Amino acid sequence: MTAPSRHDIDDLAARIKAGERVALARGISLIESGDPEGLALSEAIFADGGRAHLIGVTGPPGAGKSTLTDALVRAYRARDLTVAVLAVDPVSPRTGGATLGDRTRMMAASADPKVFIRSSAARGQHGGLGLTTMQTARLMDVAGYDRVIIETVGTGQDGVTIATVAATILLVQTGQNGDDVQALKAGILEVADLYVVNKADLPGTDAMVADLREAAAAANQPDGWARPVIATTATDGSGIETLLDAIEAHRAYLASSPEGEQRAAGRLWAEVQALVHNEVRVAVDRYMTAPATMHAAVPALIAGRSNPIQMACSLLAARGWTPTRPQ
Ligand SMILES: Nc1nc2c(ncn2[C@@H]2O[C@H](COP(=O)(O)OP(=O)(O)OP(=O)(O)O)[C@@H](O)[C@H]2O)c(=O)[nH]1
Ligand SMILES: [Mg+2]
């Protein structure tokens, strides 16, 4: 396949903006490929973004995130809103069955032309979610979906980085996994805007709801938003309307408070950081794997005229970087 030209990129951007699903799928693949054309596409559509509401769904494996997402999709469709879903698979190896199951389950919803579903691997990115997720979500936004739901596993760092992508974050727990609230990282408790206790049809729900209420009260609360704790049974839809109302209430809150703007700015800045990190990483890799660099350095190391620390410092200094190690 030949690399797309500037004209191709503009044409693809126009088709994505016009809501062509095939074009959106192609655009996402281009972004996932990590090729510079993906960045050109992101740039071409940037000005048209910012209309969709981005919702992050995070929580431990098997908590029911996919089932809940599926239920939210149906509930949004019932309110005549269009929805795109981005299921980000974790980097860690998992049974292929779970992902496949997600896809199969979501096939029903994806027969609806106003629903778009995509699974994506978070491979090769620092901090779990990254640039690809941010830029894919923006493509979905530009394609005209009213709500974009990003599902990601994680209670730790991955869960926290969802904040660099989504505006409203749901933390999904259950009363069964013995995952008591104390064990949850403070970061994820503070980053989440709504706490969901799923599998409310099973025992342990009330205790988990009570624990999360306590945690919600103890966590740093932004002015004007008290984190709700909502019990759901994703498999039969109970609690889903309440949850959807809460998501929409949070959306309204963000739209009317300075926090909404601050957080949007934070997400943009996170994207800039990720872009700069990527570029620097590529440049460093290119420099360090260049034969000339190695040929100059290795003999001195072998002969004992230098050591790895000294060598790293002098290579950095040669490129204008000040090493953190005191000289
Ligand atoms: N009893 C009960 N089971 C549920 C509920 N929600 C989901 N499940 C079941 O829990 C299992 C896991 O659900 P998923 O939606 O795949 O969970 P997930 O959090 O997306 O899982 P991963 O993506 O693998 O981390 C499935 O067998 C679901 O049918 C619920 O409310 N009650
Ligand atoms: Mg899932």
Side-chain angles (χ1 to χ4, degrees), residues 54-76 83-110 115-123 128-129 133 136-137 140 147-162 165-166 168-179 181 183-185 188-189 191-192 194-209 212 228-244 246-247:
L54 272 48
I55 302 156
V57 178
T58 191
K65 300 178 296 297
S66 297
T67 315
L68 202 64
T69 298
D70 205 14
L72 284 172
V73 168
R74 283 170 218 273
Y76 272 124
V83 194
V85 176
L86 175 58
V88 185
D89 292 331
V91 193
S92 60
R94 281 202 308 161
T95 52
T99 306
L100 198 65
D102 284 358
R103 288 207 185 99
T104 317
R105 184 168 50 240
M106 286 188 152
M107 287 298 274
S110 61
V115 176
F116 183 94
I117 291 162
R118 177 87 176 204
S119 290
S120 159
R123 79 199 119 74
L129 296 172
T133 311
T136 301
M140 291 171 155
R147 302 288 178 270
V148 174
I149 305 179
I150 300 132
E151 179 199 335
T152 172
V153 175
T155 46
Q157 199 46 44
D158 283 4
V160 173
T161 55
I162 186 76
V165 183
T168 294
I169 297 163
L170 280 57
L171 174 63
V172 185
Q173 295 290 314
T174 70
Q176 291 84 53
N177 48 8
D179 214 10
V181 172
L184 287 173
K185 300 245 175 7
I188 188 65
L189 283 170
V191 107
L194 293 93
Y195 300 150
V196 181
V197 183
N198 189 41
K199 307 197 185 183
D201 53 321
L202 300 179
T205 304
D206 293 347
M208 180 52 93
V209 167
L212 284 172
V229 182
I230 297 158
T232 60
T233 303
T235 39
D236 72 8
S238 12
I240 297 299
E241 285 299 317
T242 309
L243 176 57
L244 197 136
I247 296 169

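Each ligand, and each atom within it, is numbered from 1 in the order the structure gives. Everything numeric here is computed off the predicted structure, so don't read it as measured data.
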In the structure I gave you, are the side-chain heavy atoms of L212 and L189 within less than 4.5 Å of one another anywhere?
yes
Which atoms of ligand 1 have any heavy atom of E151 under 4.0 Å away?
20 (O), 23 (O)
Proximal ligand 1 atoms for L202, defined as those under 4.0 Å from one of its heavy atoms
1 (N)
Distance alone, cut at 3.5 Å: any donor-acceptor contact between the side chains of N198 and T174?
no
Do L243 and L170 have side chains that get closer than 4.5 Å, going by heavy atoms?
yes
Could an N or O of ligand 1 be found under 3.5 Å from any N or O of A234, whether backbone or side chain?
yes
Tell me if a side-chain donor or acceptor on Q173 pairs with a main-chain N or O of G59 at a distance below 3.5 Å.
no
Would you check whether D201 has a nitrogen or oxygen atom less than 3.5 angstrom from a nitrogen or oxygen atom of ligand 1?
yes
Taking the Mg ion (ligand 2) as the reference point, name the nearest N/O/S atom of E151.
OE2
Atoms of ligand 1 close to V153 [distance to a heavy atom under 4.0 angstrom, numbered from 1]:
25 (O)
Identity of the nearest option to atom 12 (C) of ligand 1, non-hydrogen atoms only, from A71, G62, P60, A200:
G62
Strictly by side-chain hydrogen bond (donor to acceptor under 3.5 Å, both in side chains), give each pair with a member in residues 200-209 just once, sequence neighbours left out.
none
Is the Mg ion (ligand 2) less than 2.8 Å from an N/O/S atom of T69, whether that atom is in the backbone or a side chain?
no
Residues which pass side-chain hydrogen bond (donor to acceptor under 3.5 Å, both in side chains) with T136, listed by chain and number, not counting sequence neighbours:
none
Considering distance alone, does some N or O of L68 sit under 3.5 Å from an N or O of ligand 1?
no
For P61, counting its heavy atoms only, list the atoms of ligand 1 lying under 4.0 Å from any of them.
25 (O)
Between atom OG1 of T233 and atom CD1 of I240, what is the distance when rounded to the nearest 0.5 Å?
8.5 Å
